[in-house]
Amino acid sequence: MTYTEVAGRAYVVTGSASGIGAVTATMLRERGAEVIGCDLGDADIEADLSTPEGRQALIDQVAERGSIDAVLAVAGGGKTGLLETTEPGRPLTSTRSLSTESS
């Protein structure tokens with residue numbers, strides 16, 4: 001897909017408030033795409049995608065807006081420290097992988 005092919009298309013970008021998600025959303029908008037941003041705050045849709053309720057909120061709000069062409073699941077987070085000090089049973093990639101699961 002070339003840059004011009006995104007113009008006029010609608011995208012949902014998770015993690016759109018900062019980092020790679022923000023850059024992705026900005027680049028798509030600059031190229032003429034409609035972007036529906038989703039993040040914990042400062043986004044078109046504010047939802048915590050690490051919870052079933054947050055994922056359902058995203059689905060419901062996107063459904064109200066009509067059709068979309070793609071979902072770019074960029075939501076994630078970082079932790080610092082030793083791997084063994086993270087929450088047991090919850091991998092560092094959980095936000096990203098959970099955000100693409102159905103509720």
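Please read all numbers here as calculations on a predicted model, not as lab measurements. Just so it is clear, the values below take in all heavy atoms, side chains as well, and ignore hydrogens, waters and symmetry mates.
- Of the possible polar contacts, none joining the Asp48 side chain to the Gly54 backbone as a donor-acceptor pair under 3.5 Å is found.
- Thr26 has its side chain out of reach of Val35: every pair of non-hydrogen atoms, C-beta onward, lies at least 4.5 Å apart.
- Note that CD of Glu34 and CZ of Arg29 are 9.5 Å apart. Values are rounded to the nearest 0.5 Å.
- For Asp42, the CG atom sits in a loose shell: 12 or fewer heavy atoms of surrounding residues, nucleotides or ligands are nearer than 6.0 Å.
- Two residues are said to be in side-chain contact when any heavy atoms from C-beta on lie closer than 4.5 Å; Leu72 and Leu28 meet this criterion.
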Original post:
Could you go step by step and tell me if Tyr11 and Thr24 meet the side chain to side chain contact (heavy atoms under 4.5 Å, CB included) rule?
Top reply: CA-CA 10 Å; Tyr11 297 88; Thr24 301; over 6 Å; no
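- Leu40 and Ile59 are members of different hydrophobic clusters when ILVMFWY side chains are connected at heavy-atom separations under 4.5 Å.
- At distances below 3.5 Å, at least one donor-acceptor pair connects side-chain atoms of Arg55 with backbone N or O atoms of Leu49.
- Checked options Asp44, Val12, Ile36, Ile45; the residue passing with Gln61 is Ile45 (criterion: side chain to side chain contact (heavy atoms under 4.5 Å, CB included)).
- Without hydrogens or angle criteria, Asp39 side chain to Ser16 main chain gives a donor-acceptor distance under 3.5 Å.
- A heavy-atom distance below 4.5 Å is found between the side chains of Ile68 and Val62.
- The two residues Ala47 and Cys38 make their nearest non-hydrogen contact at CB-SG, 4.2 Å.
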